[in-house]
Each structure stands twice: as structure tokens, then as C-alpha cells.
Peer 1: 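The following block contains the structure, expressed as C-alpha cells.
Model, not experiment: these values are computed from the prediction. Here is how names work: the chains are called A, B, and so on, in the same order as the sequence lines, proteins then strands, and each is numbered from 1.
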2 protein chains.
Amino acid sequence: MSDIEFDQELTRAALPQAVLAVLSHGESHGYAIAEVLRQHGFTRIKGGTLYPLLKRLEDQRLVEHTWHHDESGPGRKQFTLTDQGRQELERSATAWRRMSQTLSEIQTTRQEQP
Amino acid sequence: MSDIEFDQELTRAALPQAVLAVLSHGESHGYAIAEVLRQHGFTRIKGGTLYPLLKRLEDQRLVEHTWHHDESGPGRKQFTLTDQGRQELERSATAWRRMSQTLSEIQTTRQEQP
DNA sequence: CACAACTAGATAGTGCCACTAACTAAGTAG
DNA sequence: CTACTTAGTTAGTGGCACTATCTAGTTGTG
């Protein structure tokens, strides 16, 4: 639970996967997702970043929402992963690992001079 | 040496580090850097992506260039890492590892329900 | 010779998306 | 009544990969 903040480009690449990963544990709403992300080091995710992202994930059919109105507090959009979302999470996690691998390869591999 | 292509957002986050990593092996010019990147799976890096990036890295004092005019072929901008560039490569590699760690943490950690 | 293909670098335009800031709206604490 | 928290939304900006197109020198082929 670090509180160091990630840089912007890294966030941009990782955030959709992070949100899907949070939702892989079960349904949740925007504000609670933000809370979990904050605990994991995404300290500066604001509504203006998260809600449009959730909208995009929904447009891609990776998540779905239903409205929940409790007896107290404002209404909530409860988000759940779709099957497609679960697949995308897996695909994205693999891509991420492959890129990590590639980056360290480039750095450690001796280059052939032509 | 995979020839599968990376997706755009991942490329965006990784490419500057990848270029710095290539240059950590010694000076090189744009076209040759592109060649090495292609060998490592960045199959669709075109001049229009790479040259502006090199320009930005230079603006940030992470790389420097000198012109080389061989007896044959067009002139080349030979790029070298600066000390600052070497530091940035290390910082960025660490950030990348930390993000990978974070992503797998989010996915595997049980969430506390309030 | 003419014409294509390759090497090397540069630029304009587009689209995506994190970020900032400001907003609505309902409940709670002082 | 005022301020804060929870919850979600919207408009505007800037950075950057991507596409397409350009210049310019070199090499290969008919």
C-alpha cells in the first residue's frame, strides 16, 4: 500500500486493467473503486478520470451497471465485469507481462552490430 | 524476438524507456534504433513516432546527438544517453516494475468490505 | 539513362485519454 | 445555516502514438 504516485503515461496504460482487476473481485461502484485504487498507489485518480473510463469500459461491453438506491446516501452505479471483461483482463495482464519482459530484454541483450 | 504487435497505450507508456534502453548499449541513430525495437516486438514504430520522441528526449536532456556524414548513405543523427538519461532509464524501469507489482496485487488481494 | 527501392530524417493532422476544475445532488456534522 | 462527505457528471486542455506525406541521398535493375 504505497502512497507514491505513478506517472501519467504509466497510469494511462494501467488504469483500465486496474479497474477491471478491482471488479474481478465482485461488483462495486465508482467511488469504492477509486478507494481501492488509492490504497494501491493510484493516489490521484479523480472522478473526472474514473467515471469517463468506466463509461468507455461499458461502451466496450467489458462492464455493466445497475443503479442502487439505498435508504441513505446518493444513488450508486454498481458495476460488474462481463465475460468479455474477464477475458480482456486476462489478455491485458498477459500483454503487460510480455512488455515488462521485452523491456528488460532490450536492456540486457547485447546488440549485434551489422 | 516476437513479431506480435503491442497495443497502443502500452507502447505509449513503454516506448521512451525502450529507446533509452537501446541507447544504454552505446550510441545509435534513429533508423538503427527502430530496427532494434522491431526485433523486440515493436513492429509498427514509424519515423513519425520515433523522431518526435527522440526530439522530446533531447529536449529533456536525456539524450544528445551529433551529426555523422559517412562516405556513403545519407547523414545520420548519432544519439547518446546523457547521465540524466541513464538515471531516467533506471527510474522508469523501477516505476514499471512497481506498476506490474501493483496490478497483480490488485488482482490477487482480497478486498476488505467496509 | 530512367525508375524503383532502400536508408535516414522530418512534419502536419487526427484521435485517444489523463488531468483539472467546476458542477449537481443527497446526506451528515458542527 | 454552513461545511463536509459521498456519488456521479461534464467541459476544456495537453501530451503523444499513429497515419500519411515530404525531402534527399544511395543502390539496383532493365
Peer 1: Where the side chain of Arg12(A) is defined as all heavy atoms beyond and including C-beta, which of dT20(C), dA17(D), dA18(C) is the nearest nucleotide?
Peer 2: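 Output: dA18(C).
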Peer 1: Whole-Å distance between dT9(D) P and Lys55(A) NZ?
Peer 2: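 After rounding, the reported distance stands at 9 Å.
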Peer 1: How is Leu50(A) classified with respect to the nucleic acid when contacts are heavy atoms under 4.0 Å: base, sugar-phosphate, or nothing?
Peer 2: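 Here Leu50(A) touches no strand at all.
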Peer 1: Can you check the Gln78(B) CD to dT7(C) C1' distance for me, whole Å?
Peer 2: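 Between C1' of dT7(C) and CD of Gln78(B): 14 Å.
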Peer 1: Can you name the nearest heavy-atom pair linking Trp96(B) to Ser100(A), along with the distance?
Peer 2: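 The pair with the smallest heavy-atom distance is NE1-OG, 2.9 Å.
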Peer 1: If you only use heavy atoms from C-beta on, which nucleotide in dT9(D), dA10(C), dA7(D) is closest to the side chain of Lys77(A)?
Peer 2: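 Selected nucleotide: dT9(D).
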Peer 1: Quickly work out the Leu54(A) CG to dT10(D) P distance and round it to whole Å.
Peer 2: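 Leu54(A) atom CG is separated from dT10(D) atom P by 13 Å.
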Peer 1: In this structure, how many angstroms lie between the C1' atom of dC16(D) and the CD atom of Gln17(B), rounded?
Peer 2: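 Answer to the nearest Å: 17 Å.
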Peer 1: Specify the separation, in whole Å, of atom CG of Asp59(A) and atom P of dC16(C).
Peer 2: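 Taking CG of Asp59(A) and P of dC16(C), I get 12 Å after rounding.
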Peer 1: Looking only at non-hydrogen atoms, find the nearest pair between Ser24(A) and Leu81(A) and report the distance.
Peer 2: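 Answer, listing the atom of Ser24(A) first, then Leu81(A): CA-CD1, 3.7 Å.
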Peer 1: Would you mind telling me which of Arg76(B), Gln78(B), Glu58(B), His29(B) makes a side chain to side chain donor-acceptor pair (under 3.5 Å) with His65(B)?
Peer 2: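 Passing option: Glu58(B).
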Peer 1: Measure the distance from NZ on Lys46(A) to C1' on dC23(C) and round it to the nearest whole Å.
Peer 2: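 About 16 Å, once rounded to whole Å.
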Peer 1: Reading DNA chain D from 5' onward, which residue's closest nucleotide shows up sooner: Thr49(B) or Arg76(A)?
Peer 2: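 Its nearest nucleotide lies further toward 5', so the answer is Arg76(A).
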Peer 1: Please name the pair of heavy atoms, one in Gln17(A) and one in Ser92(A), separated by the smallest distance, quoted to 0.1 Å.
Peer 2: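 Closest heavy-atom pair between Gln17(A) and Ser92(A): OE1-OG, 2.7 Å.
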Peer 1: Using side chain to side chain donor-acceptor pair (under 3.5 Å) as the criterion, point out the one residue from Arg91(B), Arg86(B), Gln84(B) that pairs with Glu88(B).
Peer 2: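 Testing each of Arg91(B), Arg86(B), Gln84(B) against Glu88(B), the sole residue satisfying side chain to side chain donor-acceptor pair (under 3.5 Å) is Arg91(B).
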Peer 1: Considering heavy-atom distances to DNA chain D, does Glu9(A) or Pro52(A) have its closest nucleotide positioned more toward the 5' end?
Peer 2: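 Nearer the 5' end of the strand: Pro52(A).
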Peer 1: Measure the distance from CZ on Arg44(A) to C1' on dA21(C) and round it to the nearest whole Å.
Peer 2: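 It works out to 16 Å between those atoms.
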Peer 1: Could you state the atom-to-atom distance from NE2 of His29(A) to C1' of dT6(D) in whole Å?
Peer 2: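 It works out to 9 Å between those atoms.
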Peer 1: Ignoring backbone atoms, establish whether Tyr51(B) has a side-chain N or O less than 4.0 Å from OP1 or OP2 of dA10(C).
Peer 2: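 Tyr51(B) to dA10(C) OP1/OP2: no side-chain N or O under 4.0 Å.
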Peer 1: Output yes when at least one side-chain N/O atom of Arg56(A) is less than 4.0 Å from OP1 or OP2 of dC17(C), else no.
Peer 2: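 So the side chain of Arg56(A) is within the cut-off, an N or O lying under 4.0 Å from OP1 or OP2 of dC17(C).
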Peer 1: Pick the closest DNA chain C nucleotide for Gly30(B) and for Thr11(A) by heavy atoms, then say which residue is nearer the 5' end.
Peer 2: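 Closer to the 5' end of DNA chain C: Gly30(B).
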